[in-house]
Amino acid sequence: MKATNDKLNLLRQKLEADGVVKVMIMGLGSVGGYLLDYLVGLQDEKMEIVVVGRNLDKLIQDVNIVRTAAVIRGALRSKITVDGACDLDHIDSITKTIARYQPDIIVNSSRVYAGLKYGSISWHTLRAYGIWTPLSIRYARNIMEGCELAGSHAIVINTSYSDAVIPWLKSAGKLYPDFGSGNLNHLIPRIKFYVGEQCEITNLNDIDVTLAVSHFHDVVISKEGQAEGQKILLDVKYQGHNVEIEQSEIFKHCAIAMPVDQKRNMMNASSNFDIIYTILEAIRLKKKMKVHSPGVQGEIGGYPYIIDGENVDSYFDESIFSMSRMRQANRESIALDGIENVINGNLVYTDVLVEKVKNAFGVILPKVVHFNEIDEVGHFLIEQIIMRNK
């Protein structure tokens, strides 16, 4: 499987040849459903969208409501294909699906335990989300194996806890998604809301935010308006000039009212959309564009990342913060989420998390989870924690 920049170059060649891009959404839960709606909203007749999963009836229903609503708006220009023969628990099924459609971009929007926000169990008891990493990685691992067996060169975007999932795959010597979505992207709009209000900026797109932080700080700042005593790598500019507002003031106003149900997945879907749209725009317009991505290039935490469509290149944005500073800040951040390290194919939980799990749920969480223990520990998390506490 090729590196990200090689995949971008292949995509450029295809766009220059026939202009058509094929996007595959794997799993049409609420994230996938919102993403489908947003992609259809582009009204791009050069985009084909393939929706795959294992429940054909549900897929058809969910696609039909999006298609119908789009026609009412006069917005249905993209071809949509539905395939209910893709079971993410079986790698051979994934392989056949990818080989059949040969997508240019794949979005993994699936969840092993659907219909439940894991954080609804872990935040108030553990103040940490890292415990769920073995569940988050399971389908990402299967999809990447399917990509390899199918000989796919698709750009892959992962939606579930990419801060640790993508690095875990990379550290195990496995193929890994090119980008992660969500997480720190959910915090950036909140920052823009407050800065725009304070500086009387009406077009929030004129505010340039550069942020390097892990999932934990997205959650704690969004929920509580504070950064748990850590100095965050945050830079805010307006029309090229620094915005001089104290971090603590900005973060205090990031704790805005939000729904706690599946409507929250609009944010993750929008982050997926942003990555896809940025890639296509950068290549089509031959320009440089920035995204923020957790786990990008197998790095722990979240980073600013440049897509250079002119030179068909991509790289970490070190114009504000050095790579070493961003790595260190992310490690300190994700430790508060219960992740001590990801190394040599092993996920290492913090001692603090292990103790919290024992006290909160009365079970012993292994300090180290080896790559070949992903399924075993995932079942343990479902049976011993989720089923008893949902």
Side-chain angles (χ1 to χ4, degrees), residues 3-5 8 130 158 161-171 176-188 190-192 195 207-221 227-251 254 271 274-275 278-279 282 287-337 339-344 348 350:
T4 300
N5 289 339
L8 290 171
N158 184 61
Y161 205 60
S162 296
D163 300 68
V165 163
I166 299 178
W168 196 357
L169 286 164
K170 184 177 182 179
S171 78
Y176 52 92
D178 301 274
F179 298 94
S181 69
N183 300 359
L184 75 165
N185 289 280
H186 303 169
L187 183 57
I188 291 172
R190 300 164 190 255
I191 293 169
K192 290 187 175 186
V195 170
I207 302 172
D208 181 22
V209 174
T210 300
L211 179 65
V213 75
S214 86
H215 174 274
F216 176 83
H217 278 98
D218 157 48
V219 176
V220 76
I221 294 170
E228 210 78 350
Q230 289 192 2
K231 184 71 173 178
I232 304 303
L233 295 186
L234 169 67
D235 181 82
V236 184
K237 288 183 170 58
Y238 173 60
Q239 296 182 344
H241 300 288
N242 291 331
V243 173
E244 304 295 344
I245 303 178
E246 286 293 326
Q247 272 195 18
S248 59
E249 279 301 303
I250 294 176
F251 294 157
C254 286
S271 178
D274 181 53
I275 294 170
T278 299
I279 290 171
K287 60 189 291 189
K288 293 181 182 179
M289 300 178 70
K290 180 171 68 178
V291 296
H292 283 82
S293 176
V296 63
Q297 296 304 312
E299 292 286 343
I300 294 172
Y303 300 82
Y305 198 75
I306 301 296
I307 309 295
D308 182 350
E310 181 179 5
N311 299 300
V312 197
D313 192 11
S314 67
Y315 49 87
F316 290 93
D317 181 0
E318 297 185 73
S319 62
I320 307 295
F321 306 115
S322 69
M323 196 65 198
S324 60
R325 285 188 69 192
M326 290 191 287
R327 282 179 173 141
Q328 181 62 31
N330 270 296
R331 285 184 174 273
E332 292 173 0
S333 175
I334 205 168
L336 296 176
D337 228 9
I339 304 297
E340 180 178 304
N341 205 357
V342 179
I343 186 169
N344 299 328
V348 184
T350 62

Which pair of non-hydrogen atoms, one from Ile275 and one from Val291, has the smallest distance, and what is that distance? CA-CG1, 4.4 Å
Would a 4.5 Å heavy-atom cut-off, applied to side chains only, mark Asp208 and Lys290 as touching? yes
Point-to-point distance, once rounded to the nearest 0.5 Å, from CG of Leu184 to CG of Asn330: 8.0 Å
Inter-residue atom distance Ile221.CD1 - Ser248.OG, 0.5 Å rounding: 11.0 Å
Asn185/Asp274 under side-chain hydrogen bond (donor to acceptor under 3.5 Å, both in side chains): CA gap, chis, key distance, verdict: CA-CA 10 Å; Asn185 289 280; Asp274 181 53; over 6 Å; no
Any heavy-atom pair between the side chains of Pro294 and His215 that's under 4.5 Å? no
To the nearest 0.5 angstrom, please state how far the OH atom of Tyr238 sits from the NZ atom of Lys192. 12.5 Å
Please report the closest heavy-atom contact between Asp163 and Val213, naming both atoms and the distance. OD2-O, 4.4 Å
Kindly compute the distance separating CD (Glu299) from OG (Ser293), expressed to the nearest 0.5 Å. 11.0 Å
At their closest point, which heavy atom of Met326 faces which heavy atom of Pro304, and how far apart are they? SD-CD, 3.6 Å
With a 4.0 Å cut-off on N to O distance, would you call Lys288 and Glu310 a salt bridge? no
Asn5: which of Asn311, Asp178, Asp308, Asp313 passes side-chain hydrogen bond (donor to acceptor under 3.5 Å, both in side chains): Asp313
Show me the pairs that pass salt bridge (Lys or Arg N to Asp or Glu O under 4.0 Å) and involve residues 228-239, at least two apart or across chains. Arg127-Glu228, Asp235-Lys237
With sequence neighbours left out, what residues match His217 under ring-ring contact (aromatic ring centres under 6.0 Å, His included)? none
If I compare all heavy atoms of Thr350 with all of Ala335, which pair ends up nearest, and what's the gap? CG2-O, 3.6 Å
Would you say that His186 contacts Val219 through its side chain, given a criterion of any heavy-atom pair below 4.5 Å between the two side chains? no
Under 3.5 Å, is there a donor-acceptor pair between the side chain of His292 and the main chain of Leu211? yes
Pairwise side-chain contact, Tyr305 with Gln297, heavy-atom cut-off 4.5 Å (strictly under): yes
What are the two closest heavy atoms between Pro177 and Leu169, and how far apart are they? CD-CD1, 3.7 Å
Taken to the nearest 0.5 Å, the spacing of Thr278 OG1 from Ile306 CD1 works out to 10.0 Å
Between Val236 and Ile245, is any pair of side-chain heavy atoms under 4.5 Å apart? no
Close side-chain approach of Val296 to Ile166, heavy-atom, < 4.5 Å: no
Pairwise side-chain contact, Ile339 with Trp168, heavy-atom cut-off 4.5 Å (strictly under): no
Could you walk me through whether Ile232 and Gln247 pass the side-chain contact (heavy atoms from CB on, under 4.5 Å) check? CA-CA 8 Å; Ile232 304 303; Gln247 272 195 18; 3.7 Å; yes
Counting N and O atoms only, with roles assigned by atom type, does the side chain of Glu332 sit under 3.5 Å from a partner on the main chain of Gln230, one being a donor and the other an acceptor? no
For Ser319, does its backbone N or O pair with a side-chain atom of Asp317 as donor and acceptor, under 3.5 Å? yes
Minimum-distance pair of heavy atoms, taken over all atoms of Ser214 and Gly301: CB-CA, 4.1 Å
Exactly one candidate in Phe316, Tyr315, Phe179 meets ring-ring contact (aromatic ring centres under 6.0 Å, His included) with Tyr303; the answer is Phe316
